[in-house]
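These notes are about the structure you will find just below.
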Amino acid sequence: MSEETKTLTQEDENKLIAQRREKLTALRENGTAFPNDFRRDSLAAGLHGLYQDKTTEELETMQVRVSVAGRMMAKRVMGKASFTKLQDMSGQIQLFLQRDNLPEGVYNEGFKKWDVGDLIGAEGVMFRTKTGELSIKVDKVRLLTKALRPLPEKFHGLTDTETRYRQRYVDLIMNWDVKETFKLRAKIIAFIREYFNEHEFMEVETPMMQVIPGGATAKPFETFHNALDLAMYLRIAPELYLKRLVVGGFERVFEINRSFRNEGVSTRHNPEFTMLEFYQAYADYHDLMDLTEDLLRRLATDVLGSATVKYQGEEHDFSRPFKRMTVFDSILEYNNDITAADISSIEAARKVAEALSIPMKNSYGLGKIQLEIFEKTVEHRLKDPTFITEYPKEVSPLARCNDTNPFVTDRFELFVGGREIANGFSELNDPEDQAERFRKQVMEKEAGDDEAMHYDADYIRALEHGMPPTAGEGIGIDRLVMLLTDQPSIRDVILFPHMRQEAEPQD
RNA sequence: GGGUCAUUAGCUCAGCUGGUAGAGCAGGAGACUCUUAAUCUCUUGGUCCGGGGUUCGAAUCCCUGAUGACCCA
């Protein structure tokens with residue numbers, strides 16, 4: 001037993017657990033502690049679906065025999081008869097147990113001694129109680145797994161956020177809506193997968209451990225491969241590998257998986273997060289905006305069942321065309337006191353930024369300053385779905401330059417509810433331009449920006465073989481799920497969010 | 001990184017100006033064959049987050065640390 005396990009066990013041991021442990025010991029002596037030979041034929045929700053419309057008399061005539069298994073969530077004993085609520089993966093169903101309808105001793109020596117939280121299996125006949133609740137009249141019942149720890153109080157449940165995240169298993173047992181959120185998350189991801197498969201994209205898996213972390217500006221996690229004697233990084237994005245595949249001739253690829261960024265945690269950031277990235281050859285960023293709009297609209301209507309997405313008290317109609325606006329125009333639109341001239345020269349823009357008390361570095365060019373002003377004054381106000389386009393080249397080291405205005409790139413980001421949901425652009429497939437931009441990033445890294453990109457020579461080599469004109473996009477799945485499930489914190493859509501270490505009891 | 005708030009029984013929470021730490025649920029014993037936050041009687045249970053300090057006396061006031069939530073950068 002490890003030191004940590006020992007302290008945890010000793011600290012948490014209390015009378016309630018000790019009593020249950022004694023019951024378990026008795027079960028062990030009977031040789032029936034952890035059986036695995038019970039098989040059920042029905043789920044709670046399935047039974048409700050099949051028999052909710054049947055009357056007491058119909059059920060009496062039908063004599064439907066079922067077996068169910070799950071966790072005992074409530075137990076109400078009234079002398080020689082009892083009710084209990086059984087919870088399985090689908091929902092809950094009430095069981096009715098009578099001493100005289102069970103084999104000798106099962107009721108008094110078994111059931112009455114079991115605890116709320118125990119896992120049981122039961123067989124019986126469907127019926128309706130006097131109050132009309134669909135239930136099972138049980139004639140066989142077994143304890144399948146003894147729960148040593150008591151569940152939280154049944155009425156208020158588990159509300160302490162810290163315990164909910166640290167002991168998600170208890171949260172899932174007690175809070176059905178939490179389960180629903182994660183079921184919805186699974187549905188959203190399944191729908192996205194289906195959508196891209198239908199559009200002839202191929203799902204791929206690219207390295208999560210990379211020698212040169214690329215595809216985004218962010219601080220990576222470092223690790224080490226002993227056998228290869230090689231320093232490695234957890235990926236911050238799959239982008240450069242996916243584009244290598246486009247070079248290789250997989251002209252439509254997508255990947256849904258984790259990326260890692262060595263940054264703080266907040267309601268919007270988890271160190272590991274799930275991203276969808278996809279690349280389509282012979283398409284540009286306008287095509288991807290159209291695709292994104294269609295995808296989100298169908299997600300809302302097909303998965304949520306409504307084109308209107310409610311998020312934190314605000315409604316967003318996904319059936320209407322999403323707004324499209326350039327970074328430049330959006331700054332003017334949301335700042336009445338800023339003129340076009342104010343953000344068209346670096347000197348003027350610097351003054352605007354200083355007035356907004358944005359911390360500035362000498363290395364910032366006009367593009368970076370514009371983006372800072374945008375993030376400070378516009379971003380959080382973009383509630384309804386809005387594509388912001390034409391990001392400055394300076395802050396878009398992997399995006400293709402605009403043909404008419406080389407200061408900006410053919411890039412967009414999608415905002416909903418004041419949050420960035422997606423980022424896409426026509427890809428830079430000019431290897432010489434890309435090499436030049438990598439060199440610029442390396443200079444910034446050497447100047448102290450630890451989020452700046454590395455020079456990836458193999459990626460340049462791939463581009464030198466010729467990447468078809470391509471557009472690519474990344475969508476933050478966690479944030480998308482937050483939006484579609486109306487959750488205010490990223491921790492509510494990640495099953496096991498990262499937290500600080502639990503405090504160790506001091507000796 | 002900065003600010004605000006929180007941490008008391010297994011869970012959900014009270015605890016006022018500093019004066020013997022409480023309730024409900026859960027648990028234990030008993031009653032009860034249609035309950036559903038079942039009910040009724042009796043009852044067990046505490047490192048008041050940790051560490052310092054002030055005081056005759058601290059869950060309460062002060063300092064410090066830990067963890068969490070929210071806001072800001």
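Scope of the values below: all heavy atoms of this structure, side chains included, with no hydrogens, waters or symmetry mates. No experiment lies behind these values; they were computed from the predicted model shown. Below, read A as the first sequence line, B as the second, and so on, with proteins coming before strands; counting in each chain starts at 1.
Separating the CG atom of A/Asn108 from the C1' atom of B/U33 is a distance of 12 Å, rounded to the nearest angstrom. Atom CG in A/Asp160 sits about 22 Å away from atom P in B/C25, given to the nearest Å. For the pair A/Met174 CE and B/C25 C1', the interatomic distance rounds to 11 Å; values are reported in whole Å. Rounded to whole Å, the distance from CD on A/Glu133 to C1' on B/A38 is 13 Å. The NZ atom of A/Lys80 sits 17 Å away from the P atom of B/U35 (whole-angstrom rounding). Between A/Arg164 atom CZ and B/C11 atom C1' there is a gap of 14 Å when expressed in whole angstrom units. Atoms NE2 (A/His156) and P (B/U12) sit 10 Å apart, rounded to a whole Å. Summarising the geometry, the separation between CE on A/Met499 and P on B/G68 is reported as 5 Å, rounded to the nearest angstrom.
B/C56 and B/G68 are spaced 37 Å apart, taking the C1' atom of each and rounding to whole Å. Atom name C1', nucleotides B/U7 and B/U60: the rounded distance is 14 Å, in whole Å. Across B/A23 and B/C42, the matching P atoms stand 13 Å from one another, rounded to whole Å. If you take atom C1' in B/C5 and the same atom in B/G27, they sit 33 Å apart, rounded to whole Å. B/A31 and B/G18 have their P atoms separated by 49 Å, given to the nearest Å. Distance check on atom C1': B/G10 versus B/A73 gives 40 Å, rounded to whole Å. Taking atom P in both B/G24 and B/U41, the straight-line distance is 11 Å, to the nearest Å. Taking atom P on both B/A58 and B/A21, the two are 11 Å apart, rounded to the nearest angstrom.
In this structure, A/Arg76 does not reach the B/U35 phosphate: none of its side-chain N or O atoms is under 4.0 Å from OP1 or OP2. Between A/Arg166 and B/G68, a side-chain N or O to OP1/OP2 separation shorter than 4.0 Å is present. Distances shown here put every side-chain N or O of A/Arg149 at or beyond 4.0 Å from the OP1 or OP2 atom of B/G10.
When the nearest nucleotides of RNA chain B are assigned to A/Pro152 and A/Thr161 by heavy-atom distance, the more 5′-ward of the two goes with A/Pro152. Between A/Leu158 and A/Lys85, the residue anchored closer to the 5' end of RNA chain B is A/Leu158, taking for each the nucleotide with the nearest heavy atom.
Nucleotide B/C42: paired with B/G28 (Watson-Crick or G-U wobble, both distances less than 3.5 Å). Across all strands shown, B/U7 is found opposite B/A66 as a Watson-Crick or G-U wobble partner, with both distances under 3.5 Å. In a base pair of the Watson-Crick type (N1 to N3 plus N6-O4 or O6-N4) or a G-U wobble (N1-O2 and O6-N3), with each distance short of 3.5 Å, B/A23 is matched with B/U12. Using Watson-Crick or G-U wobble geometry with both donor-acceptor distances under 3.5 Å, B/U55 finds no partner in any strand shown. B/U33: no Watson-Crick or G-U partner with both key distances under 3.5 Å is found in any strand.
The line from CE of A/Met482 to OH of A/Tyr311 is 4.0 Å long, rounded to the nearest 0.5 Å.
Between the side chain of A/Gln501 and the base of B/U67 there is no donor-acceptor pair of N/O atoms closer than 3.5 Å.
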Close N/O contacts between protein and nucleotides 70-73 of chain B (under 3.5 Å):
unit_1: B/C70; atom_1: OP2; unit_2: A/Arg491; atom_2: NH1; d: 3.3
unit_1: B/A73; atom_1: OP1; unit_2: A/Lys376; atom_2: NZ; d: 3.4

Between the protein and nucleotides 26-30 of chain B, list the N/O to N/O atom pairs that are separated by less than 3.5 angstrom.
unit_1: B/A26; atom_1: OP1; unit_2: A/Lys154; atom_2: NZ; d: 2.8
unit_1: B/G27; atom_1: O2'; unit_2: A/Gln19; atom_2: OE1; d: 2.3
unit_1: B/G27; atom_1: O2'; unit_2: A/Gln19; atom_2: NE2; d: 3.4
unit_1: B/G28; atom_1: OP1; unit_2: A/Lys23; atom_2: NZ; d: 3.3

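Shown here is A/Glu104, whose CD atom has no more than 12 heavy atoms of other residues, nucleotides or ligands within 6.0 Å.
Scanning for salt bridge (Lys or Arg N to Asp or Glu O under 4.0 Å) contacts around A/Lys393 gives an empty result, with sequence neighbours left out. In this structure A/His454 satisfies the side chain to side chain donor-acceptor pair (under 3.5 Å) test with no other residue, sequence neighbours excluded. Every residue was checked against the side chain to side chain donor-acceptor pair (under 3.5 Å) condition with A/Arg261, not counting sequence neighbours, and none meets it. When the side chain to side chain donor-acceptor pair (under 3.5 Å) test is applied to A/Glu354, no partner is found at least two apart in sequence or on another chain.
The stretch residues 96-106 of chain A touches RNA chain B through A/Phe96, A/Gln98, A/Asp100, each having a heavy atom within less than 4.0 Å of the strand.
Remark: the A/Glu473 side chain and the A/Asn423 side chain contain no N/O donor-acceptor pair separated by less than 3.5 Å.
Distance alone, capped at 3.5 Å, is enough to place a donor-acceptor pair between the A/Asn335 side chain and the A/Ile331 backbone. A donor-acceptor pair under 3.5 Å is absent between the side-chain atoms of A/Glu451 and the main chain of A/Ala218, judged by distance alone.
Sorted by first and then second residue, the ring-ring contact (aromatic ring centres under 6.0 Å, His included) pairs with a member in residues 83-104 of chain A read A/Phe83-A/Phe96, A/Phe96-A/Phe127; sequence neighbours excluded. For residues 141-166 of chain A, the set of pairs meeting the ring-ring contact (aromatic ring centres under 6.0 Å, His included) definition, not counting sequence neighbours, is empty. Identified under the ring-ring contact (aromatic ring centres under 6.0 Å, His included) test for residues 349-383 of chain A, with sequence neighbours left out: A/Phe374-A/Phe415. The stretch residues 93-102 of chain A participates, sequence neighbours left out, in no salt bridge (charged side-chain N to carboxylate O under 4.0 Å, His left out) pair at all. Applying the salt bridge (charged side-chain N to carboxylate O under 4.0 Å, His left out) test to residues at least two apart or on different chains, the pairs with a partner in residues 84-94 of chain A are A/Lys85-A/Glu133.
For A/Thr159, the side-chain atoms get nearest to B/C13 when compared with the rest of B/U35, B/C13, B/A37.
Backbone-only engagement by A/Gly157 is indicated by non-hydrogen atom pairs under 4.0 Å involving sugar-phosphate atoms exclusively.
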